[in-house]
Trainee: 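Mind having a look at this structure? Questions to follow.
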Amino acid sequence: AGESPSRLPTTEADVRLLELVARGLSDEEIGPKLGLSPHTVKRHLEGLRQAVNARNRTELAAWAGQYGCYQPPAGAPG
């Protein structure tokens, strides 16, 4: 995951999806927030994960924070 991403998330939907993943939400929790089925969420996350060379969901969430897709709430630890 230390490599430069081959494709940065460019759509607002990509960024929102990464934000929700970084907040620790499951596919089942993300789906209703974005108007998608959990299966569609999973497919989108898999594509993003591959695009940024993340090995798993945790690395994808870390990538989201590193590249500014997610900012912890004020006062949050970390």
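Counting begins at 1 with the first residue of the sequence. Keep in mind it's a predicted model, so treat the numbers as computed, not measured.
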Trainee: Mind checking the CH2-CG spacing from W63 to N53? Nearest 0.5 Å is all I need.
Mentor: 10.5 Å

Trainee: My understanding is that only residues two or more places apart in sequence, or in another chain, count here; which of them pass side-chain contact (heavy atoms from CB on, under 4.5 Å) with T58?
Mentor: N56

Trainee: Could you pull out the closest heavy-atom pair between A22 and A61, with the gap in Å?
Mentor: CA-CB, 3.7 Å

Trainee: Kindly determine whether L34 and H44 satisfy side chain to side chain contact (heavy atoms under 4.5 Å, CB included), including the steps that lead there.
Mentor: CA-CA 12 Å; L34 300 181; H44 281 294; over 6 Å; no

Trainee: Tell me every residue that passes side chain to side chain donor-acceptor pair (under 3.5 Å) with E46, counting only those two or more places apart in sequence or in another chain.
Mentor: R49, Q50

Trainee: I need the I30 CD1 to S37 OG distance, nearest 0.5 Å.
Mentor: 12.0 Å

Trainee: Would you please name every residue forming a side-chain contact (heavy atoms from CB on, under 4.5 Å) with P38, sequence neighbours left out?
Mentor: D27, E28

Trainee: Supply the atom-to-atom distance L17 CG to L45 CG, rounded to the nearest 0.5 angstrom.
Mentor: 4.0 Å

Trainee: Measure the CD-CG distance between E12 and D14 for me, rounded to the nearest 0.5 Å.
Mentor: 10.5 Å

Trainee: Between the side chain of Q66 and the main-chain N/O of A62, is any donor-acceptor distance below 3.5 Å?
Mentor: no

Trainee: Got a second to check how far K33's NZ is from L25's CG, nearest 0.5 Å?
Mentor: 6.0 Å

Trainee: Show the nearest heavy-atom pair for residues L18 and A64, with the distance to one decimal.
Mentor: CB-CB, 3.8 Å

Trainee: Take V21 and L48 through the test side chain to side chain contact (heavy atoms under 4.5 Å, CB included) and record every step on the way to the result.
Mentor: CA-CA 11 Å; V21 167; L48 287 170; over 6 Å; no

Trainee: So, E19 and R23, do they make that salt bridge, N to O below 4.0 Å?
Mentor: yes

